[in-house]
Amino acid sequence: MTALPSSAWGCNISDGCEIPAPKSDIFFEYETLFEIWFFKFDKPMLLILIAVVLVAGFFIFAFRKPTIVPRGTQNLAELAYNFIRDMVQENIGKAGERFIPFLFSLFFFVWVMNFMGIFPLTMLPPTAYFAVPVALALIVYLTWVPLGMIRQGPWGFFKNIMFPPGLPKPLYILLTPIELISNLLVRPFTHSVRLFANMFAGHLLLVTFSALAWFLATASLWILTSALSFTVVTALTGLELLIQALQAYIFTLLTAVYISDALSGEH
Amino acid sequence: MTMTLLAELTGSIGSVGYGLAAIGPGIGIGIIFGQGVQAIARQPEAYGVIRQNMLLGFALAEALALIGFVAPFVFGATTPT
């Protein structure tokens, strides 16, 4: 797997360069920036650290001296908190209050990481690396499975997953394996893949059209295609803004649904 | 018995696979949002609940298309070149 030669980005079609169609290689061309102990930090890892600092820093700053009548940043932070609280109350109910801090951090961490995909200085969403959504989905998985086992008992937990009530008996032969696989194996997989694939595809799309806009910007008829690509990439940036917020929301919403399943044990 | 190669497909087959995988979820997402908008139009006061369930259904249907998107990257290495 060869990275895109950086010299290729310096010339365009008038210099006789071919258009390098962006492949998934573009995600792996970053050098190690610094090293702490034996952890090597490259750009995506640095962005994750920045996201942690930004999210934690903002909310600690906003709630440093909480007042009953909120002003300034506290107002904004409470708006954000209410948004997640309303979602939790609608999906989990009263029992979900314990999980608001978890879902709240999850939403804003994912959103800030997604947003780095279109922020001019970073231009790379760390969530487009499969390891990041997998790690997040694993945390969620390790939250709701033990939670369900504690709340419903180990047997009750599996019974609720395997035998949805109110069906004719022979149907369980077909349904039990499907339910077991879809709940315990496919669920965490789709949970992580959904976020990863959206961010990955979105970033690749932006890179493709930016590359086209740059490589075809010459004094020929290609300039029309270049202008069209530039228009498309501008529109796509707006679409990405929407998708990033939506995916962060869906990731948190599904977490809330899984936790609510584990708490109540019904489908 | 000898095997004869009757037809061969080369190139980015993954793209074709993704196109096929996107048909079902495409129809599904269309139905979800169509029915969702209809439900909101009939009962605007239930907007919050409807939107949430709409997005949930959207996420579940979309997962299939996204698995189709990821599959070429996962199985791409095994295709003979």
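Protein chains get the first letters and strands the later ones, always in sequence-line order, with residue 1 at the start of each. Please read these numbers as outputs of a predicted model, since none were measured by experiment.
Counting only distance, with no hydrogens or angles, the side chain of A:K43 and the backbone of A:T122 share a donor-acceptor pair below 3.5 Å. With A:Y129 contributing its side chain and A:F27 its backbone, the two residues share a donor-acceptor pair below 3.5 Å.
When each of A:D86, A:N198, A:T190 is scored by its heavy-atom pairs under 4.5 Å with chain B, the top score falls to A:N198.
A salt bridge does not link A:D261 to A:R151: none of the charged nitrogens lies less than 4.0 Å from a carboxylate oxygen.
Looking at A:V186, there are no atoms closer than 4.5 Å to chain B (heavy atoms on both sides), in backbone or side chain. Heavy-atom distances place the side chain of B:E62, and not its backbone, under 4.5 Å from chain A. Using a 4.5 Å cut-off between heavy atoms, A:F130 does not touch chain B at all. Looking at B:L60, both its backbone and its side chain come within 4.5 Å of chain A, counting heavy atoms on both sides.
Remark: the A:N160 side chain and the A:Q152 side chain contain an N/O donor-acceptor pair separated by less than 3.5 Å.
Checked against the 6.0 Å centroid threshold, A:F83 and A:Y249 count as a close aromatic pair.
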